[in-house]
Enquirer: 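Can you keep this structure in mind? I'll have questions shortly.
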Amino acid sequence: KGENQVSGDSIIISFNENQINELEVFGGAEGTYNPDSSENNITSPILYEAEKIHYMLKIKETNLFGKSSITHDKTNLKAGHININWNNSILNAYPNSINWSDESSAPVIKESNKDPMTGEQMTYNLNSKKGRIKKGSTKADDGYYKGNKIQNETSNTIFIENSTYTTCDLDIAHFHFESHNMKIIQ
């Protein structure tokens, strides 16, 4: 629950039994969701933008297609396609969508005072501020980390599955350490 404001070049509204069923916003689509803090665990506004925004009101989901971006509480997520499930406050980010653009834009999440993390697919919970990255990479302190799965446990602790660590900044590092499971405490 809350107030959602959106704008764009074109808006298409679909009705079913005199109720708004779906809403599509095209061209410079951007919006702001101001949650009702008495009815919601999300307390700060969510800013979002994309080439196309598709709201599915009955199932309480929103899809952002093409150059998608969401900013919430000092965290920014960018990707080719972002799906938001408002029932459980879960974001899923993908490089692109078959329905929209050929341009691939790998998901990148940037939290304040931290280096960005990138990967093939991301899941992020707006309530707990915890996330999971599939085939991800990040920089922390003076090192570079890669792994099949990166998951933040707290704001200072990251777990990486099937991981590598190096201080070499080349795409193919001259040297690295490998581990099945790695825990990074910053």
Side-chain angles (χ1 to χ4, degrees), residues 6 8 24-26 28-33 42 44-56 59-141 143-166 169 171-173 182-184 186:
V6 65
E24 292 181 284
V25 183
F26 299 90
E30 60 183 28
T32 302
Y33 171 65
I42 301 169
S44 59
I46 299 172
L47 309 171
Y48 54 95
E49 60 185 48
E51 293 174 11
K52 174 185 171 185
I53 300 173
H54 182 200
Y55 299 95
M56 296 165 285
I59 61 171
K60 296 182 180 176
E61 284 192 23
T62 303
N63 281 297
L64 308 178
F65 297 105
K67 298 178 185 169
S68 306
S69 174
I70 291 183
T71 302
H72 173 255
D73 198 27
K74 300 179 185 174
T75 298
N76 178 260
L77 172 63
K78 293 183 178 186
H81 172 206
I82 300 173
N83 169 270
I84 307 142
N85 183 328
W86 297 106
N87 294 306
N88 57 15
S89 301
I90 299 288
L91 306 178
N92 285 294
Y94 310 94
N96 60 8
S97 170
I98 346 171
N99 300 331
W100 188 246
S101 157
D102 290 332
E103 181 182 326
S104 178
S105 179
V108 176
I109 191 164
K110 172 78 172 95
E111 296 175 293
S112 66
N113 302 321
K114 292 188 179 182
D115 288 301
M117 288 192 241
T118 188
E120 279 186 8
Q121 178 184 345
M122 292 187 187
T123 300
Y124 184 78
N125 186 312
L126 290 165
N127 291 326
S128 68
K129 299 181 182 163
K130 292 183 181 181
R132 186 174 42 241
I133 301 170
K134 180 180 173 185
K135 293 194 178 176
S137 62
T138 188
K139 181 179 186 283
D141 299 324
Y144 300 89
Y145 302 88
K146 290 183 180 181
N148 286 345
K149 184 170 118 180
I150 299 175
Q151 188 167 334
N152 66 330
E153 183 59 31
T154 67
S155 61
N156 298 329
T157 306
I158 300 171
F159 291 103
I160 304 176
E161 191 176 283
N162 295 324
S163 57
T164 62
Y165 165 79
T166 184
D169 63 356
D171 286 340
I172 300 173
M182 188 180 294
K183 180 179 181 179
I184 301 168
Q186 296 176 312

Enquirer: Return the minimal non-hydrogen interatomic distance between Ser68 and Gly80, and the atom names on each side.
Expert: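 For Ser68 versus Gly80, the nearest heavy atoms are OG-O, 3.5 Å.
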Enquirer: What is the ring orientation for His81 with Phe65, classed by angle as parallel under 30°, tilted 30 to 60°, or perpendicular over 60°?
Expert: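 Plane angle under 30°, so parallel.
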Enquirer: Would you indicate whether Lys134, at its atom NZ, is surrounded by more than 12 heavy atoms from other residues, nucleotides or ligands within a distance under 6.0 Å?
Expert: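 At most 12 heavy atoms, drawn from other residues, nucleotides or ligands, come within 6.0 Å of this atom.
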Enquirer: Just by distance, do the side chain of Asn162 and the backbone of Lys135 share a donor-acceptor pair under 3.5 Å?
Expert: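 Judged by distance alone, no pair lies under 3.5 Å.
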Enquirer: Using side-chain heavy atoms (C-beta onward) and a distance below 4.5 Å, is Asn92 in contact with Ile82?
Expert: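 Heavy-atom side-chain distance check fails, nothing below 4.5 Å.
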Enquirer: Check whether any side-chain heavy atom of Tyr165 lies under 4.5 Å from a side-chain heavy atom of Ile160, and answer yes or no.
Expert: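 Side chain of Tyr165 against side chain of Ile160, heavy atoms only: no contact under 4.5 Å found.
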Enquirer: Can you find a pair of side-chain heavy atoms, one from Asn63 and one from Met56, that are under 4.5 Å apart?
Expert: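 Yes, side chains in contact.
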Enquirer: Working to the nearest 0.5 angstrom, can you tell me the gap between Lys52 NZ and Leu64 CG?
Expert: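 So the NZ of Lys52 and the CG of Leu64 are separated by 11.0 Å.
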Enquirer: Between Asn125 and Ser89, is any side-chain donor less than 3.5 angstrom from a side-chain acceptor?
Expert: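 Their side chains do not contain a donor-acceptor pair, so the 3.5 Å distance test is not met.
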Enquirer: Minimum heavy-atom separation for Ala79 to Ala93, with atom names?
Expert: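 Looking at all heavy atoms of both residues, the shortest contact is CB-CB, 3.8 Å.
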Enquirer: If you measure from OG1 on Thr75 to CD1 on Ile46, what distance do you get to the nearest 0.5 Å?
Expert: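 Reported value, rounded in 0.5 Å steps: 11.0 Å.
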Enquirer: How long is the gap from CD1 on Ile184 to CZ on Phe159, to the nearest 0.5 Å?
Expert: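 Answer rounded to 0.5 Å: 10.5 Å.
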Enquirer: Step by step, would you call Glu61 with Ile84 a side-chain contact (heavy atoms from CB on, under 4.5 Å)?
Expert: CA-CA 6 Å; Glu61 284 192 23; Ile84 307 142; over 6 Å; no
Enquirer: Between Tyr124 and Ile109, does a side-chain contact (heavy atoms from CB on, under 4.5 Å) hold up when you go through it step by step?
Expert: CA-CA 9 Å; Tyr124 184 78; Ile109 191 164; 3.8 Å; yes
Enquirer: Under the criterion side-chain contact (heavy atoms from CB on, under 4.5 Å), I'd like the reasoning laid out for Tyr145 against Thr164: C-alpha separation, chi angles, the key distance, then a yes or no.
Expert: CA-CA 6 Å; Tyr145 302 88; Thr164 62; over 6 Å; no
Enquirer: Tell me whether Ser163 contacts the main-chain N or O of Gly147 through its side chain, where contact means a donor paired with an acceptor under 3.5 Å.
Expert: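 Answer holds: no.
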Enquirer: Identify the heavy atoms of Ser137 and Ile150 that sit nearest to each other, and give their distance.
Expert: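 Closest approach of Ser137 to Ile150: N-CD1, 3.6 Å.
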Enquirer: Could you tell me the separation between the OG1 atom of Thr62 and the OH atom of Tyr33, rounded to the nearest 0.5 Å?
Expert: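 It comes to 10.0 Å.
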Enquirer: Would you mind reporting whether Thr157 and Asn152 have side-chain heavy atoms less than 4.5 Å apart?
Expert: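 No - every pair of side-chain heavy atoms lies 4.5 Å or more apart.
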Enquirer: With a 4.5 Å cut-off on side-chain heavy atoms, are Met117 and Val108 touching?
Expert: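 No. Closest side-chain heavy atoms not under 4.5 Å.
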Enquirer: Counting heavy atoms not belonging to Lys60, are there more than 12 under 6.0 Å from its NZ?
Expert: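 12 or below, so no.
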Enquirer: Decide if atom CG of Asn113 counts as having more than 12 heavy atoms of other residues, nucleotides or ligands within a radius under 6.0 Å.
Expert: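 No, the 6.0 Å shell around CG holds no more than 12 heavy atoms from other groups.
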Enquirer: Is there side-chain contact between Met122 and Arg132, with heavy atoms separated by less than 4.5 Å?
Expert: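 Heavy-atom side-chain distance check fails, nothing below 4.5 Å.
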Enquirer: For Val25 and Tyr55, which heavy atoms make the closest approach, and how far apart are they?
Expert: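 Looking at all heavy atoms of both residues, the closest pair is CG2-CE1, 4.2 Å.
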Enquirer: Less than 4.5 Å apart, any side-chain heavy atom of Thr138 and any of Thr118?
Expert: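 A side-chain contact is absent here, since even the closest heavy-atom pair is not under 4.5 Å.
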Enquirer: Determine whether more than 12 heavy atoms belonging to other residues, nucleotides or ligands lie under 6.0 Å from atom NZ of Lys114.
Expert: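 Yes.
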Enquirer: Search all heavy atoms of Glu120 against all heavy atoms of Pro95 and return the closest pair with its distance.
Expert: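 Answer, listing the atom of Glu120 first, then Pro95: O-CD, 3.1 Å.
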Enquirer: So do the side chains of Asn76 and Ile70 get within less than 4.5 Å of each other, counting heavy atoms only?
Expert: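 Side-chain contact under 4.5 Å: no.
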Enquirer: Would you say Ser44 and His72 are linked by a side-chain donor-acceptor pair, where the criterion is simply a distance under 3.5 Å?
Expert: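 Note: His72 and Ser44 side chains meet the donor-acceptor criterion.
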Enquirer: With a 4.0 Å cut-off, would you call Lys74 and Glu111 a salt bridge?
Expert: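 No, Lys74 and Glu111 are not salt-bridged.
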Enquirer: Should Leu91 and Leu77 be marked as a side-chain contact (heavy atoms from CB on, under 4.5 Å) after you check the CA-CA gap, both sets of side-chain angles, and the distance that decides it?
Expert: CA-CA 9 Å; Leu91 306 178; Leu77 172 63; 4.0 Å; yes
Enquirer: To the nearest 0.5 angstrom, please state how far the CD1 atom of Ile90 sits from the NZ atom of Lys130.
Expert: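 Spacing of CD1 (Ile90) from NZ (Lys130) equals 11.5 Å.
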